[in-house]
Amino acid sequence: MIWGRELHIYGGVFTRSHRTVPLDRLQSVDLVRPIRARLFGLAQLNIEVAGGDGTDARLAYLKADRALALRAELLAIAGRPAASATSVTEEPGAEAEAVPDRDAGLLVPQLTVRRLALASFLEALPAQVTFLAVFGTAFAVTGSIFGFTTVATTLWVGFLAPALIGYVQSTIAAVNRFLRNGRFRIARDGTNLLIQRGLTDTSHETVPVDRVTGVSFVEPVLWRSRRWKRVEVWTAAVAQQSATATRSTTALPVGEPDQVALVAAEAVPDLPSVFETVRPPRRARWRMPLRWKKTGAALTERAFVVRHGLWVNVHVAVPYARIQSVRVTQGRIQRMQGLATVRAMAAGGVGHDAVAVHRDAREAVAMASALRDRADAAAALERPRLS
């Protein structure tokens, strides 16, 4: 029920609940259709408000057309009108269209099943191969020493079988990622990015560009030869979700350099997609011998960028206007080496900070000072400012 500028949600049979959602702080209303709901022409609304802890309210389940009408009404009250192209059909199994048909009006062409399947396979392959190589070698070596009969009964049951469960779970996670991002499409409507995805469970997400607090560029090791990357965006509400929830919104599951650049520029105006970062000093190399070459930081014209990862190369870009505080920390060993870590905390960013690790102490102080100045200058130019 809508009273004034508040949405009141009542629920429960034995335990009654009453939840109030202030529409003035409404950030997005996403339309989700799990496969069990699609069979009956139903849909679910996930409502998020700025400063909330993840999804603040869920309305499940509504008739698809009623869910679409309520979504449009809520966004209109909050001053975030829904896309005019959005429509939902009631037939079981029919797809709800949140963006125009096929490639018309899309930022990038619709992601093909073939490319997504190949990308998912290549992303999961290193971990799968490493698992098989390590445990296969351990089994062979131990069996040659103690005998394969003993190994087959004790080592398999006591150690390899539980590890195999983790291997199966990793495979299931890769399959779920493929199903979740199937038929991915993204379009721009005013100040919002409209995202549609899903092969079995479909979702229609709205990402308000004016509330994007950071952009991540993810490059798994086997994607590098093809120059593919994944783009993830963070918003003020999503950044505050718990560790068990989805921590970001995938704005492009896999894309080529020109597609990545286009999506990044739409999420944060004038944000590049390729960065040159500076590594920590050589005296910090022993602290991260494998990751030293893949670690870096840079102050670009538009954002503070940090790089990290080994098998998966990740660049995190936080616009200066979204930086709320900057902190320099120095542990005991870092103090002995003359090193320090710079942490830039984004708006609403619990667990989503840009961290430049093991910088020279004087460089860290200068970097923190420059970040504060640029953040204040960028925020002063924003109207309205992100609360």
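With sequence neighbours excluded, no residue forms a salt bridge (Lys or Arg N to Asp or Glu O under 4.0 Å) with Glu219. The salt bridge (Lys or Arg N to Asp or Glu O under 4.0 Å) search around Glu73 returns none, not counting sequence neighbours. For Gln128, the side chain to side chain donor-acceptor pair (under 3.5 Å) criterion is met by Tyr167, Thr171, not counting sequence neighbours. Under the rule for a side chain to side chain donor-acceptor pair (under 3.5 Å), Arg180 has no partner lying at least two apart in sequence or in another chain. Taking the side chain to side chain donor-acceptor pair (under 3.5 Å) definition, one finds that Asp360 meets it with Arg283, sequence neighbours left out. The salt bridge (Lys or Arg N to Asp or Glu O under 4.0 Å) search around Arg66 returns none, not counting sequence neighbours. Listed by chain and residue number, Leu271, Thr300, Ala317 satisfy the side chain to side chain contact (heavy atoms under 4.5 Å, CB included) test with Ala303 (two or more places apart in sequence, or in another chain). With sequence neighbours left out, Arg302 forms a salt bridge (Lys or Arg N to Asp or Glu O under 4.0 Å) with no residue at all. With sequence neighbours left out, the side chain to side chain contact (heavy atoms under 4.5 Å, CB included) criterion links Val355 to Thr341, Arg343, Asp353, Val357. Listed by chain and number, the residues in a side chain to side chain contact (heavy atoms under 4.5 Å, CB included) with Glu266 are Leu107, Arg188, Leu193, Leu262 (sequence neighbours excluded).
Applying the ring-ring contact (aromatic ring centres under 6.0 Å, His included) test to residues at least two apart or on different chains, the pairs with a partner in residues 15-38 are His8-His18, Tyr10-His18. Among pairs with a residue in residues 257-284, those fulfilling ring-ring contact (aromatic ring centres under 6.0 Å, His included) read Phe217-Phe275, Phe275-His315, at least two apart in sequence or across chains.
In this structure, the side chains of Val108 and Glu256 stay at 4.5 Å or more apart for every pair of heavy atoms. For the pair Phe184/Gln110, no side-chain contact is recorded, criterion being any heavy-atom separation below 4.5 Å from C-beta on. With a 4.5 Å cut-off on side-chain heavy atoms, Arg307 and Lys294 count as touching. Val29 places none of its side-chain heavy atoms less than 4.5 Å from the side chain of Thr206. Contact check for Ile2 versus Leu74: side-chain heavy atoms found under the 4.5 Å cut-off. The shortest side-chain heavy-atom distance between Thr250 and Arg197 falls under the 4.5 Å cut-off. Looking at Arg285 and Lys293, their side chains come closer than 4.5 Å, going by heavy atoms from C-beta outward. Proximity of Arg177 to Glu123: side-chain heavy atoms (C-beta onward) are separated by under 4.5 Å at one or more points.
Annotation for Pro280 and His358: closest pair CB-O, 3.2 Å, computed over non-hydrogen atoms. Nearest heavy atoms, Phe40 versus Lys63: O-NZ, 4.1 Å. A pairwise comparison of heavy atoms in Thr329 and Gln334 identifies O-OE1, 3.8 Å as the closest pair. Contact between Arg291 and Gly309 at its shortest, heavy atoms only, is CG-O, 4.1 Å. Taking every heavy atom of both residues into account, Ala43 and Arg33 meet most closely at CB-CG, 3.9 Å.
With Asn46 contributing its side chain and Arg58 its backbone, the two residues share no donor-acceptor pair below 3.5 Å. Judged purely by atom type and a 3.5 angstrom limit, Arg38 uses its side chain to pair as donor or acceptor with the backbone of Thr200. Trp223 contributes no side-chain N or O that, together with a main-chain N or O of Leu122, makes up a donor-acceptor pair within less than 3.5 Å. Between the side chain of Ser120 and the backbone N or O of Leu116 there is at least one donor-acceptor pair closer than 3.5 Å. Thr202 contributes no side-chain N or O that, together with a main-chain N or O of Gly198, makes up a donor-acceptor pair within less than 3.5 Å.
In this structure, the separation between CG on Leu111 and CZ on Arg185 is 12.0 Å, given to the nearest 0.5 Å.
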Item to complete: Mind running side-chain contact (heavy atoms from CB on, under 4.5 Å) on His308 and Val316 for me, showing each step along the way?
Response: CA-CA 9 Å; His308 60 84; Val316 178; 4.0 Å; yes

Check your understanding: Between Thr249 and Thr235, is a side-chain contact (heavy atoms from CB on, under 4.5 Å) present by the stated rule, with each step listed?
Key -> CA-CA 8 Å; Thr249 299; Thr235 58; 5.6 Å; no

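Counting non-hydrogen atoms of other residues, nucleotides and ligands closer than 6.0 Å to CG of Asn176 gives a total above 12.
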